[in-house]
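Counting starts at 1 for both ligands and their atoms, in listed order. Start at 1 with the first residue, then count along the sequence.
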Amino acid sequence: MTENGIELVDIIYWYLKGLVMSIKLLSTEVSSKIAAGEVIERPASVVKELIENSLDANANNISIEIVDGGIALIRITDDGIGIESKEVELAFKRYSTSKISNIDSLNNISTLGFRGEALASISSVSKLTLTTRSKVSEYGTKILLDNGLIKKTETIGAPIGTSIAVENLFHDFPARKKFLRSAKSEFLKIKPIVTKYSLAFPEVKFSLSHNEKISFQSPGSKRVRDVISPIYNNEISNSLLEIDPLNLEQSDDSINISGLISPPSLTYSNRSHITYFVNRRWIQSPSLNFALEQAYKGFLKDSRHPLAIINISVPNNTIDVNVHPSKTEIRFQNEELIFSCVQRVIRNTLLTKSSVPSAYVTSDQGKKPNYLMAPLSNTRLENHHFNNETLSDEFPPTNPSESPHHKLFPILHVIGQLQKTYIVTEGPDGMYLIDQHAAHERILLEDLSNRMMSSSENAQSLLEPLTISLTTEQENILSKHSSELSQIGFEIDPFGSNNHILRAIPQTLELASAEEELHFTLNEMLLERNTPQVMRRALSSIACHSAIRAGDNLSIESMRKLIEQLEKCVEPHTCAHGRPTTIHINKNSLDTQFGRT
Ligand code: ADP
Ligand code: MG
């Protein structure tokens, strides 16, 4: 045993686990392959680099102290593996790193850092003090640098781990200092970095303070949900849906996707609550945003966005993290597969776990939250035709009998009709209001697609075929998708220049509107490029125009039938365009409103 109580076997164990790494200067062959180094732009970039270093050092506790938005002081203290005394000065040389050594390791990076640049860059524009003690050293080392020059190195007593204080950032660099904002807004850029990393590393305890006041703490409990509570609140944390593990039938078992997503009832006006981690690296990706949005199609209105924390894990040698200076973009070897997996697991989670949205009961007390825990407001349906296209990408929707999920739609008892628009029903916990048009549209949509899948007849032949004329664009889409259109129920034959004969129309449509509807459907189809989406447009359009409308009087019996059919739908909660079909007002909120509780 050494003097400070460390067993020799521990040291050997740490070496074998790679927990003791030695810092080396990268050869120019390697350093020239490194994507242009990031310039330290503002306090938040310092915080990001230092947190990444602490995480790479296997820290369990990371404390981040900020004074005046980080312009006066950023101090990050960890209990990680520390740096050996003899390597402390080397750590501040550009391209010195313990994390990679040769070209091959650049293709298989498992750490957050790898360029050996951050300490060099940060110390060159600040006054920096680093105190560190490695797990295998008996003493600690303290080093002081000013604008990149080493002022002092000394041996001192210190706990295992590393503490770095960065003071007077850009003090002698007025040109860069002038781009800094107020202390408050610099801190607002720091906080999300800390919260994002605490979501990626829920087993690590993070603590963030600003001007000596605690701003955020994560419990280090390993559960992502426990990190959500201090960032948002308990209600939001409890409402999130856990992503179901991937069904691996058709995919590669080296891909793993986990995380939490918001139910359709919890939405935001922007994408800032969407976070992706790939092998625990926080990345930004428009393509993943697209996959996520596709998964939520039909569950959200286009202008709203979910909360999502998505962890993707893939073998390190199948991604390239060395593509962007800030390391926030990566390249996947098999991009399409990853995106389709993300889309599938999220879609599946929504289909199996989301329930009827609750009514958003406004109250006069308190501030309105910046999120909506509610169904979306009613937009006139006509608007949706042009802006929205919101059906499942599993086209056509799966047959209800084949999908064991979705029994989250309650059994409802019809009470009556409200304003010739809504069906009032009673369910397991209070009142459920159903938008008669939205519900019928959903039913017809699934019916149409099921018939298409099972090659059942969708068409009704016209006794007197109609002669119609089409634009060149409409003709093009017609010839491209004639077989799909006939599956939907439109049978159309050419008849001279620009003219066509319409012989059959979808069963659900009325004869009087058939021609107009064909034009409308073809125009809708023109808005999409790929076949599944073109067909989804067509089906939604026909379902919408065939459905009962707001203003139609319904008998109790026909309302009952409608509800029964809705219960059987695969995706009963939304119409073809993403509006909710059903809103739930639970008994509790009624009791509260009436002052019974
Ligand atoms: P990189 O992280 O790309 O290797 P840095 O300049 O950020 O480059 O750090 C240089 C080296 O200093 C790291 O490779 C690591 O060995 C060491 N180091 C930096 N911060 C810490 C820390 N908090 N704990 C342990 N070692 C650290
Ligand atoms: Mg680093």
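- The ligand atoms of ligand 1 that sit less than 4.0 angstrom from a heavy atom of Ala91 are 10 (C), 12 (O).
- Nearest residue to atom 9 (O) of ligand 1 from Leu112, Thr111, Leu119, Thr97 is Leu119 (criterion: closest heavy atom).
- With a heavy-atom cut-off of 4.0 Å, Ile23 touches ligand 1 through its side chain alone.
- Considering backbone and side-chain N/O atoms, Gly113 never comes within less than 3.5 Å of an N/O atom of ligand 1.
- The shortest heavy-atom contact between Asp172 and Asn147 is OD2-ND2, 2.7 Å.
- Atoms of ligand 1 found under 4.0 Å from any heavy atom of Ile83, numbered from 1 in the order shown, are 17 (C), 18 (N), 25 (C), 26 (N), 27 (C).
- Of the heavy atoms in Ala57, only side-chain atoms (C-beta onward) come closer than 4.0 Å to ligand 1.
- Contacts with ligand 1 closer than 4.0 Å are made by side-chain heavy atoms of Thr162 only, the backbone lying farther away.
- At distances below 3.5 Å, at least one donor-acceptor pair connects side-chain atoms of Arg225 with backbone N or O atoms of Ser237.
- Trp282 pairs with exactly one of Leu112, Thr328, Ile193 by the side-chain contact (heavy atoms from CB on, under 4.5 Å) rule, that one being Ile193.
- At a 4.0 Å heavy-atom cut-off, ligand 1 touches Asp78 through the side chain alone.
- Put simply, Asn53 gets within reach of the Mg ion (ligand 2), with an N, O or S atom under 2.8 Å from it.
- Residues Val204 and Asn61 come closest through the heavy atom pair CG1-N, 4.3 Å.
- Remark: distances from the non-hydrogen atoms of Gly80 to ligand 1 are all 4.0 Å or more.
- Contacts between Glu49 and ligand 1 below 4.0 angstrom, taking non-hydrogen atoms only, are absent altogether.
- Taking the six-membered ring where tryptophan is involved, the planes of Phe332 and Phe339 are perpendicular, since the angle between them exceeds 60° and thus also 30°.
- Between Phe201 and Tyr197, the ring-plane angle classifies as tilted under the 30° and 60° cut-offs.
- Contacts between Ala59 and ligand 1 below 4.0 angstrom, taking non-hydrogen atoms only, are absent altogether.
- Remark: ligand 1 and Phe114 share an N or O pair separated by less than 3.5 Å (distance only, no angle test).
- Scanning both residues, Ile122 and Ile40, for their nearest heavy atoms gives CG1-CD1, 3.7 Å.
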Test salt bridge (Lys or Arg N to Asp or Glu O under 4.0 Å) applied to Arg115 and Glu49, step by step: CA-CA 11 Å; Arg115 294 186 179 135; Glu49 292 295 335; over 6 Å; no
